[in-house]
Amino acid sequence: MRKMELTPGLVAKVNRLEPDEGAPDHMVLLTPEDYEEIARNLLEKLGSEPLRIFAYGSLIWKPEFEHVSQQRATLSGWHRSFCMRVDRWRGTRARPGLMMALDRGGSCHGVLYTLPDAEKPEQMLRLLKREMSYKPPNNMPMVVGVACDGARIPAIAFTVRTASPYRMARLPLPEVARILAHAAGHVGSGAEYLYNTVHHLEQLGISDRNLWELQKLVAEEIQKT
């Protein structure tokens with residue numbers, strides 16, 4: 001495993017918990033009925049297939065669901081990117097952060113989780129509530145086909161909504177690094193999020209060239225403070 005320049009010590013320098021300011025007044029929260037409808041539609045599209053989740057970021061190192069198997073897999077047509085502005089969680093309204101999502105183009109190597117067959121609706125609801133808060137969602141769940149062990153397998157993946165006002169596409173890496181090095185919210189910092197993702201990808205033998213360069217730039221940015 002390669003040695004990262006972004007270290008736990010550097011992350012600790014900028015990691016902090018900010019007060020949660022709650023949802024902005026203009027944002028509408030998803031209701032229990034909304035979650036149930038989205039879950040039902042996704043399960044209908046999957047049909048008799050097992051419930052599988054394609055993980056590309058925090059679901060790799062913090063899945064928060066039981067699974068019966070995990071395998072490396074590749075999703076074509078999408079790439080992981082810090083392309084979603086957040087003013088909660090790992091950012092604030094005064095200093096927004098960035099979160100990863102799947103954006104159009106390229107490909108993404110990640111982890112395919114297969115969940116137990118029991119209680120599919122309940123498992124889907126827990127996943128949706130973890131990943132989505134507002135409507136229309138900024139992070140949209142879709143049924144996609146991922147390549148795994150020579151087969152194309154249907155799975156749920158969360159993709160950035162193209163029309164979302166929170167989508168920040170094609171930001172230069174130095175700008176992304178500057179934001180991640182300084183933004184934090186009530187669950188932690190952007191630097192912590194990046195460190196955990198790159199560290200766990202490396203443990204799995206998954207190399208992401210952009211994230212590797214980004215962790216270097218974030219380390220340099222933190223060292224300036």
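All values below were derived from every heavy atom in this structure, side-chain atoms included, with hydrogens, water molecules and symmetry-related copies excluded.
Looking at Q123, its side chain does come within 3.5 Å of a backbone N or O of A118 through a donor-acceptor pair. No donor-acceptor pair closer than 3.5 Å links the side chain of R167 to the backbone N or O of M84. For the pair H200 (side chain) and N196 (backbone), a donor-acceptor distance under 3.5 Å is present. With hydrogens and angles disregarded, no donor-acceptor distance shorter than 3.5 Å links the side chain of R80 to the backbone of G57. Using a distance-only test at 3.5 Å, with no hydrogens or angles considered, a donor-acceptor pair links the side chain of H79 to the main chain of G105.
G145 approaches R152 most closely through the heavy-atom pair O-NH1, 3.6 Å. Of all heavy-atom pairs spanning E5 and L10, the tightest one is O-CD1, 3.4 Å. Closest heavy-atom contact between C83 and V160: SG-CG1, 4.0 Å. Of all the heavy atoms in L6 and A191, the pair that sits closest is CD2-O, 3.8 Å. Nearest heavy atoms, P63 versus R130: O-NE, 4.1 Å.
By the 6.0 Å contact criterion, CD on E66 is open, its count of non-hydrogen atoms from other residues, nucleotides or ligands being 12 or less. Within a 6.0 Å radius of NZ in K45, no more than 12 heavy atoms belonging to other residues, nucleotides or ligands are found. The 12-atom threshold is exceeded at CZ of R2, counting heavy atoms of other residues, nucleotides or ligands nearer than 6.0 Å.
Between P121 and L43 the shortest side-chain heavy-atom distance falls below 4.5 Å. Side-chain contact between L59 and E131 is present, with heavy atoms from C-beta onward closer than 4.5 Å. The side-chain heavy atoms of P154 and L46, taken from C-beta on, include a pair separated by under 4.5 Å. At a threshold of 4.5 Å between non-hydrogen side-chain atoms, the residues Y134 and S164 do not count as touching. Here the side chains of L214 and L180 are in contact, with some heavy-atom distance below 4.5 Å. Taking 4.5 Å as the limit, every side-chain heavy atom of T162 sits out of range of all side-chain heavy atoms of D103. Residues V86 and P96 fail the side-chain proximity criterion, which asks for heavy atoms closer than 4.5 Å. Counting heavy atoms from C-beta on, the side chains of N139 and T159 never come closer than 4.5 Å.
Legend: residues meeting ring-ring contact (aromatic ring centres under 6.0 Å, His included) with Y113, ordered by chain and number and at least two apart, are F65, H67. With sequence neighbours excluded, no residue forms a salt bridge (charged side-chain N to carboxylate O under 4.0 Å, His left out) with E44. Residues passing the salt bridge (charged side-chain N to carboxylate O under 4.0 Å, His left out) test with R72, sequence neighbours excluded: none. The salt bridge (charged side-chain N to carboxylate O under 4.0 Å, His left out) check on R178 picks up E175, with sequence neighbours excluded. Here E122 pairs with nothing under the side chain to side chain donor-acceptor pair (under 3.5 Å) rule; sequence neighbours left out.
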Handout entry: M4/Y195 under side chain to side chain contact (heavy atoms under 4.5 Å, CB included): CA gap, chis, key distance, verdict
Key = CA-CA 9 Å; M4 294 175 59; Y195 172 83; 3.6 Å; yes

Practice task
Evaluate the side chain to side chain contact (heavy atoms under 4.5 Å, CB included) criterion for residues L201 and S207: first the C-alpha distance (whole Å), next the side-chain angles of each, then the deciding distance (0.1 Å), finally the verdict.
Solution key: CA-CA 7 Å; L201 286 174; S207 178; over 6 Å; no

Practice task
Decide side chain to side chain contact (heavy atoms under 4.5 Å, CB included) for R52 and L115; before the verdict, give the C-alpha distance in whole Å, the side-chain angles of both, and the deciding distance to 0.1 Å.
Solution key: CA-CA 6 Å; R52 300 185 180 95; L115 279 61; over 6 Å; no

Practice task
Determine, stepwise, if the pair V111 / Q71 fulfils side chain to side chain contact (heavy atoms under 4.5 Å, CB included).
Solution key: CA-CA 6 Å; V111 174; Q71 302 161 275; over 6 Å; no

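Remark: H199 NE2 to T7 OG1 distance equals 12.0 Å, nearest 0.5 Å. Here the CD-CG distance, from E202 to D208, works out to 9.5 Å after rounding to the nearest 0.5 Å. Rounding to the nearest 0.5 Å places OH of Y56 at 10.0 Å from OG1 of T197. Atom OG in S133 sits 7.0 Å away from atom CG in L29 (nearest 0.5 Å). Note: I38 CD1 to M132 CE = 3.5 Å, rounded to the nearest 0.5 Å. I53 CD1 to M124 CE: the interatomic distance, rounded to the nearest 0.5 Å, is 5.5 Å.
One finds a salt bridge joining E192 and R90 here, because a Lys/Arg side-chain nitrogen approaches an Asp/Glu carboxylate oxygen to under 4.0 Å. A salt bridge does not link R88 to E21: none of the charged side-chain nitrogens sits closer than 4.0 Å to a carboxylate oxygen. Between D34 and K135 there is a salt bridge, with a side-chain nitrogen of the basic residue lying less than 4.0 Å from a carboxylate oxygen of the acidic one.
With ring centers used as reference points, F82 lies under 6.0 Å from Y193.
By the criterion of side-chain heavy atoms lying less than 4.5 angstrom apart, applied directly or through intervening Ile, Leu, Val, Met, Phe, Trp or Tyr residues, L125 is grouped together with L127 in one hydrophobic cluster. Hydrophobic clustering (side-chain heavy atoms under 4.5 Å, transitive across Ile, Leu, Val, Met, Phe, Trp, Tyr) keeps M140 apart from L30. Transitive grouping of hydrophobic side chains (ILVMFWY, heavy atoms separated by less than 4.5 Å) brings I206 and V198 into a common cluster. If you chain together hydrophobic residues whose side chains sit under 4.5 Å apart, M142 and Y35 fall into the same group. The cluster map of Ile, Leu, Val, Met, Phe, Trp and Tyr, joined by side-chain heavy atoms under 4.5 Å apart, puts L17 and V187 in different clusters.
Defined by atom type and a distance below 3.5 Å, a donor-acceptor pair is present between the side-chain atoms of S69 and T114. For the residue pair S189/N15, the side-chain donor-acceptor check at 3.5 Å is satisfied. Neither side chain, W78 nor S107, offers a donor N or O lying under 3.5 Å from an acceptor on the other.
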Atom pairs and distances, side-chain donor-acceptor, residues 216-225, under 3.5 Å, sequence neighbours left out:
{"unit_1": "E221", "atom_1": "OE2", "unit_2": "H182", "atom_2": "NE2", "d": "3.2"}
{"unit_1": "T225", "atom_1": "OG1", "unit_2": "I222", "atom_2": "O", "d": "2.5"}

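With Y166 as the aromatic partner, R85 meets the cation-pi criteria of under 6.0 angstrom to the ring centre and within 45 degrees of the ring axis.
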